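To start, the structure under review is shown below, and the notes come after it.
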Amino acid sequence: MRNWFNKGEHWIWFSASAVSVSVVLVFGLLAMIAYKGLLHFWAHDVYVYPVSTANGQVEEVVGELHDTKFKLMADENNPKVMHEVPEYLIKTGNRDVYGIDFKWINSKNIDLSQIKLADDITVIERYEWGNVYGHLASLTLDGKLIASGADVKDKLQNLVEKSNVLLDKIHHIEKSVMGSINYQIEELRLEEKKLRANKEYHGEAKAEVEEKRAELSEAFIKQQASMQELYKQADVLGEVVLTIAGDQKIAVKIRQIVRFWQPNNMSMLEKLGFFFSSIGHFLTEDPREANTEGGVFPAIVGTVTMVLLMTVLVTPMGVLAAVYMSEYAKNGPVLRMVRISINNLAGVPSIVFGIFGLGFFVYILGGSIDDLFYGYAAPSPVFGTPGLLWASLTMALLTLPVVIVSTQEGLSRIPRSLREGGLALGATKFETITRIVLPMATPAIMTGLILAIARAAGEVAPLMLVGVVKLAPELPIDFNAPFIHLENKFMHLGFHIYDVGFQSPNVEASQPLVYATSLLLVMIILSLNLGAIMIRNRLRERYKALDN
Amino acid sequence: MSELKKFSMESASDKLRLEDEKIAIEVKDWNLYYGTKQALHGITMQLPENRVTAFIGPSGCGKSTLLRCFNRMNDLIDTVSVEGSILLHGEEMYSKRMDVSALRRRVGMVFQKPNPFPKTIFENVCYGLRLQGIKDKQVLDETVEWALRGANLWEEVKDRLDDNALGLSGGQQQRLCIARAIAIKPEVLLLDEPTSALDPISTLAIEELIFDLKKTFTILIVTHNMQQAARVSDYTAFMYMGDLVEYTDTDSLFTNPKLKQTEDYISGRYG
């Protein structure tokens, strides 16, 4: 035993257990988020819960089991003894009828043996008002019956497909075509304002603007008409009527239906198909219902755009600063001070950067840009308001120390002999740095960027001040020149998590969405990092022999 | 050793004398300080053209420091200050008007440890040419082949010029560095212990190369290895503690040293 200690075996065990705890924590965290998040996309079975009410009657509650919690309750016979009694949270849907989506049931009020699968239950996902749980009864159009009984399901399937085609067309017109026209009209309006401000709005210029405007409004009206036409077509698809518990009926317009499914009749394979199509919807759609339903596509685009823009901004700044400090600056108290300041910058709380970004970038810098170039747009600000550019710049500042420090480390690792080799061939110092030293430091620069990306993509607090908003269906990247709109506000997955989880009117409903979004955020950071790591490894491969 | 013998016979009949040589570099009363510490004391010497001159001496005697003065490599060290003058073909190296990069193109250098750039073999050799703005593919190709042949490396690498230079063996890397240095056709070639990191076979290859190169270049070599100095050089300078102790033709220095200090060193009594 003594020998064992003397050999230092116990230190090996300590360090090994520290590693295993970290590994377990990381994977445990990922597994929990993945499990809770992915459950959201599964087609859960729907059960009927016979609940006995206070007056002795039995009421049927139909829904998915969402959560179980244990409540301490006193024993009926002996009030001193407390029991843990399970309570079930059931998602019942039908918000328009019941008022809320969820219902708590105490297990004392149900006979557990009487819980059974709801036969042929249909779940309909609507664009508004959440899900409907009920039995298909009939299809009607203007009060007239089109179908009832067994063929309702097939007909409904057909109609929903038709409606989705129409809605896609409407969506395309609304977003792309009319969005583009709107963008041009706005540009024209600004141009007119500019001309007016310069007192040039007369004669030919005026005629040109007016002609253009007439053209655009005509196009706009035409598009509007075709959209109206499509809406009409969608309206005449009719309604589906469902029976819900207590023989109540709910009518749902076909064009309101996102999709419908019968979870209790689905095979495992069908459920898997449903699972993946749900994930597809989540990744590609806009959010609905105050962000608690639908997808997160704008938030994905916003996050990735912001991070990439941040990378583009921070790389030259950080690398140039590091090159100056380690290659040109004379070692001395000033350089030491600068180094210490940079290291301390990494420890400044991120919200402070947010405040700085708002105060300096948005108000001072953005305000001056507006004064100088967009005076005609006043009083509405263009750059003098939070936006993508300012958010990326703030993040670039936040991650600057990381990039500087790792670049400096990379530069200092490059052997003197190589610099001398370059100089001995008649290269100037500048040529040696740009042609030999910097290319060899690229793996270290990439390491800095990897750390910067990881930090920037996960940061939320400063972003709330400098450009991220709850809902911005307009993407910062689109097909209208100049394609990337630096002044736009944008959505961000991190903020989306906060918003859905803590600011939404329907916290219970959105909880799985919070996990799903977190999982997605982790995945995106991971894939951005993997991309950077792959580039770094390729660079390292090129310079590998130098390490020995 | 066969070369040494051949060389001795040659010099016996036709003894080398500094007074008969054309001078490439002239050093006059040269002092160098690291901060306040003096590392070279009033060195005065003449280095002949198209000859191999070896610098020998114990570690820290200043021979590498002196060598690095000939292409102003010591400029890179902040604390170094110098006085005196060094003339390259009559031109003052340390004058303010001297373009240091241009000087280094005229005085090439090969270092103790092979230091190829992490680029292809081809790019390594034509690095100096590219710096001069030469882009003509034909000129580059020809010069690379010429330099690699000159460095005795062409046959070994001609089929893999686009491979990374770091994949070569140590001896090949050092010959690549020599090829890189001669590709820009300098007047003088400085070799700072070029074989100290190499195995005997690579060392022999480089020594043979030096023998060939002196037809075209003036060669100055720093070495720890006295046999090597005796084998490859025409003139030898023995330095000790920053002083030039004895400087004469190699044959005389090794067979008939004038000073006791030199004799002690070459017979291995100290150093």
Side-chain angles (χ1 to χ4, degrees), chain A residues 319 323-336 339 407 409-447 535-548, chain B residues 67-68 70-79 99-120 123-133 163-170 173-174 176-177 179-186 189-192 197:
Chain A
V319 170
V323 164
Y324 181 77
M325 286 202 298
S326 62
E327 304 286 327
Y328 287 103
K330 276 231 164 67
N331 224 334
V334 179
L335 187 66
R336 264 205 302 284
R339 286 230 166 96
T407 306
E409 253 163 42
L411 290 174
S412 66
R413 267 210 307 270
I414 290 162
R416 226 179 99 121
S417 66
L418 275 173
R419 295 163 204 259
E420 289 184 338
L423 291 169
L425 289 170
T428 59
K429 191 165 183 184
F430 177 76
E431 283 167 331
T432 312
I433 289 170
T434 50
R435 289 174 185 230
I436 295 171
V437 177
L438 265 187
M440 288 181 61
T442 40
I445 297 173
M446 289 305 296
T447 305
I535 297 175
R536 181 179 66 178
N537 286 354
R538 283 181 59 173
L539 291 169
R540 272 207 185 137
E541 189 68 17
R542 197 184 296 170
Y543 304 128
K544 65 182 170 193
L546 283 167
D547 290 338
N548 50 41
Chain B
L67 193 76
R68 291 163 66 92
F70 298 137
N71 67 347
R72 293 187 60 170
M73 230 30 175
N74 287 324
D75 289 14
L76 302 178
I77 303 162
D78 289 337
T79 55
D99 174 354
V100 181
S101 300
L103 171 70
R104 289 182 186 143
R105 283 201 289 275
R106 292 170 64 190
V107 185
M109 184 163 189
V110 175
F111 298 84
Q112 185 173 356
K113 229 182 116 189
N115 58 349
F117 304 131
K119 297 168 185 271
T120 63
E123 283 303 320
N124 259 285
V125 180
C126 64
Y127 179 85
L129 300 169
R130 286 204 194 277
L131 280 178
Q132 291 170 28
D163 285 4
N164 195 323
L166 297 173
L168 297 174
S169 74
Q173 285 188 3
Q174 192 63 302
L176 180 68
C177 291
R180 187 174 73 182
I182 62 178
I184 52 173
K185 302 192 175 138
L189 197 57
L190 310 175
L191 307 175
D192 189 357

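Lettering of chains follows the sequences in order, A, B, ..., and the numbering in each one begins at 1. Computed from a prediction, not measured in an experiment: that's the story for all the values here.
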Enumerate the residue pairs fulfilling salt bridge (Lys or Arg N to Asp or Glu O under 4.0 Å) with a member in residues 423-432 of chain A, sequence neighbours excluded, ordered by first and then second residue.
none
Non-neighbouring partners of B:F117 that pass ring pair (Phe, Tyr, Trp, His ring centres under 6.0 Å), sequence neighbours left out:
B:Y127
Select one option (side chain, backbone, both, neither) describing which atoms of B:R180 are under 4.5 Å from chain A's heavy atoms.
both
Using every non-hydrogen atom in the two residues, find where A:G421 and B:N115 come nearest and quote the distance to one decimal.
CA-ND2, 3.4 Å
Might you confirm whether atom CZ of A:F430 has over 12 heavy atoms from other residues, nucleotides or ligands at distances under 6.0 Å?
no
Considering all heavy atoms, the nearest B:R104-A:L423 contact:
CD-O, 3.1 Å
Go through B:M109, B:M73, B:R72 and name the one with the most non-hydrogen pairs under 4.5 angstrom from chain A.
B:M73
Closest non-hydrogen atom pair between B:R68 and A:E420, with its separation
NH2-OE2, 2.8 Å
Might you point out which heavy atoms bring A:A424 and B:N71 nearest each other, and give the distance in Å?
CB-ND2, 4.3 Å
Nearest heavy-atom approach of A:L425 to B:A181 is CD2-CA, 4.0 Å
Would you indicate whether the side-chain heavy atoms of A:R435 and B:L131 approach each other to under 4.5 Å?
yes
Nearest 0.5 Å, please: how far is NZ in B:K119 from CE in A:M440?
10.0 Å
